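I have placed the structure first, in the form of structure tokens, so that the comments after it can refer back to it.
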Amino acid sequence: MTSPPVVLVPGMLCDAGLWSGVDVPGPVVHAEITAPSIGGMAEQILSAVDGPFVLVGVSLGAIAGFEVARRTPERLAGFCAVSTNAGAPSSEQLAGWAELDRLTAEGGFEEAAGRILPTMFADPDPALYQRFLVMARRIGPDTFRAQLAAQATRRDFHPAIAGLSCPVLVLCGARDVLCPPSFHHAIAAQAANPTLRVLPKSGHLLTLEEPAAAAEVLRDWLRFIR
């Protein structure tokens with residue numbers, strides 16, 4: 001029997017480089033999230049493969065995955081939510097995204113990416129900072145603005161998680177200032193078949209900070225569900 005493909009979905013301002021150090025057993029498909037709404041991003045994920053698949057999403061990629069779970073839970077053979085938030089956006093978040101959009105629209109894309117940068121990692125690391133900025137430049141200002149617009153279309157996705165019968169892996173960094181472990185405990189509490197793992201040294205982009213540890217958790221979980 002052929003294993004369902006693993007669809008990897010990156011976070012905002014990230015691409016397949018987010019997974020460069022993570023050995024995920026195949027078959028693997030990289031999805032893009034460039035639509036200006038969470039619903040549009042869910043359609044991009046669903047169109048990446050035919051039939052059932054395992055969705056592994058980081059941050060905004062997992063949020064788009066929650067919409068996949070809400071729309072077509074039968075398509076998911078497994079769902080791994082990494083460094084994310086299933087709640088509706090706060091007024092502070094909406095204001096922050098609007099400011100980043102304004103700055104980017106006025107030609108300040110590099111400054112906007114620089115404002116986000118310190119929240120991506122547990123500790124300042126020039127090499128990791130550079131890897132993130134290289135990805136961000138590949139994404140570019142137009143897609144960044146579409147992703148910011150999509151963030152504003154989020155909803156409370158905890159009910160969608162509760163509606164899943166497939167295995168759910170929730171993976172986070174203990175030092176994530178954007179999406180702290182409490183967010184992930186709340187996600188796991190809603191799932192019928194959850195596994196929660198916390199990497200003690202990581203911040204938000206844990207696949208870059210601790211790729212070997214992230215890969216081990218993911219491989220162990222995939223062996224369990226396949």
Side-chain angles (χ1 to χ4, degrees), residues 6 8-24 30 33 55-66 79-87 89-90 92-93 95-97 99-100 103 109-139 144 147-148 151 154 157 168-189 191 194-222:
V6 176
L8 301 177
V9 191
M12 189 165 68
L13 284 180
C14 297
D15 59 17
L18 191 61
W19 309 96
S20 60
V22 180
D23 181 19
V24 180
H30 290 276
I33 47 169
L55 194 159
V56 181
V58 175
S59 194
L60 180 58
I63 292 167
F66 295 144
F79 186 8
C80 174
V82 184
S83 303
T84 195
N85 181 5
S90 66
E92 291 80 9
Q93 285 177 310
W97 297 326
E99 172 59 18
L100 290 173
L103 184 60
F109 173 66
E110 290 283 337
E111 181 181 347
R115 290 186 186 183
I116 293 172
L117 186 56
T119 67
M120 293 292 104
F121 304 103
D123 296 305
D125 185 320
L128 289 177
Y129 279 13
Q130 184 60 24
R131 289 179 68 184
F132 175 77
L133 290 173
V134 167
M135 286 193 295
R137 291 172 186 136
R138 287 198 296 259
I139 296 300
F144 180 44
Q147 291 176 337
L148 290 169
Q151 291 274 27
R154 286 164 42 183
F157 283 115
V168 173
L169 171 63
V170 186
L171 176 60
C172 68
R175 300 173 64 194
D176 188 342
V177 297
L178 279 181
C179 298
S182 60
F183 290 5
H184 300 85
H185 283 277
I187 293 168
T195 301
L196 175 64
R197 294 287 183 269
V198 181
L199 301 187
K201 299 177 182 179
S202 286
H204 193 62
L205 294 186
L206 57 83
T207 61
L208 294 182
E209 288 182 290
E210 292 192 86
E216 182 179 4
V217 170
L218 190 55
R219 285 196 301 267
D220 286 347
W221 178 71
L222 286 170

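No experiment lies behind these values; they were computed from the predicted model shown.
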Is it true that D123 and K201 have a side-chain N and a carboxylate O under 4.0 angstrom from each other? no
In chain order, what residues pass the ring-ring contact (aromatic ring centres under 6.0 Å, His included) check against F132, with sequence neighbours excluded? none
Taking only residues two or more places apart in sequence or in another chain, which ones pass ring-ring contact (aromatic ring centres under 6.0 Å, His included) with F109? F144
Intermediate values then yes/no, side chain to side chain contact (heavy atoms under 4.5 Å, CB included), H30 and D15: CA-CA 9 Å; H30 290 276; D15 59 17; over 6 Å; no
Contact summary for [X] and [Y], nearest pair of heavy atoms:
| X | Y | result |
| --- | --- | --- |
| A215 | D23 | CB-N, 3.9 Å |
| A62 | G57 | CB-O, 3.3 Å |
| F66 | T84 | CZ-CG2, 3.8 Å |
| L55 | G65 | CD1-CA, 3.6 Å |
| P89 | Q151 | CG-O, 4.1 Å |
| V82 | H184 | C-NE2, 4.4 Å |

Going from [atom1] on [X] to [atom2] on [Y], what distance comes out if it is rounded to the nearest 0.5 angstrom?
| X | Y | atom1 | atom2 | result |
| --- | --- | --- | --- | --- |
| C14 | Q147 | SG | CD | 8.5 Å |
| W97 | M12 | CH2 | CE | 8.0 Å |
| L171 | L199 | CG | CG | 5.0 Å |
| S182 | I187 | OG | CD1 | 9.5 Å |
| F183 | C172 | CZ | SG | 11.0 Å |
| L8 | W19 | CG | CH2 | 5.0 Å |

Atom pairs and distances, donor-acceptor, side-chain atoms in residues 202-214, under 3.5 Å, two or more places apart:
from, atom 1, to, atom 2, distance (Å)
S202, OG, E210, OE2, 2.6
H204, ND1, D176, OD1, 3.2
H204, ND1, D176, OD2, 2.8
H204, NE2, S59, OG, 2.9
T207, OG1, L18, O, 2.7
E209, OE1, G203, N, 2.5
E209, OE2, A122, N, 2.7
E210, OE2, S202, N, 3.3

Side chain to side chain contact (heavy atoms under 4.5 Å, CB included) evaluation trace for V9 with V56: CA-CA 6 Å; V9 191; V56 181; over 6 Å; no
Contact check, side chains of M120 and L128, non-hydrogen atoms, under 4.5 Å: no
Could you check whether any side-chain heavy atom of R131 comes within less than 4.5 Å of a side-chain heavy atom of S20, counting everything from C-beta outward? yes
Any donor and acceptor pair, going by atom type alone, linking the side chain of [X] with main-chain N or O of [Y] inside 3.5 Å?
| X | Y | value |
| --- | --- | --- |
| R197 | V170 | no |
| E99 | G96 | no |
| R219 | V24 | no |

With side chain to side chain contact (heavy atoms under 4.5 Å, CB included) as the test, would you mind laying out the steps for L222 and V6 before giving the verdict? CA-CA 9 Å; L222 286 170; V6 176; 4.1 Å; yes
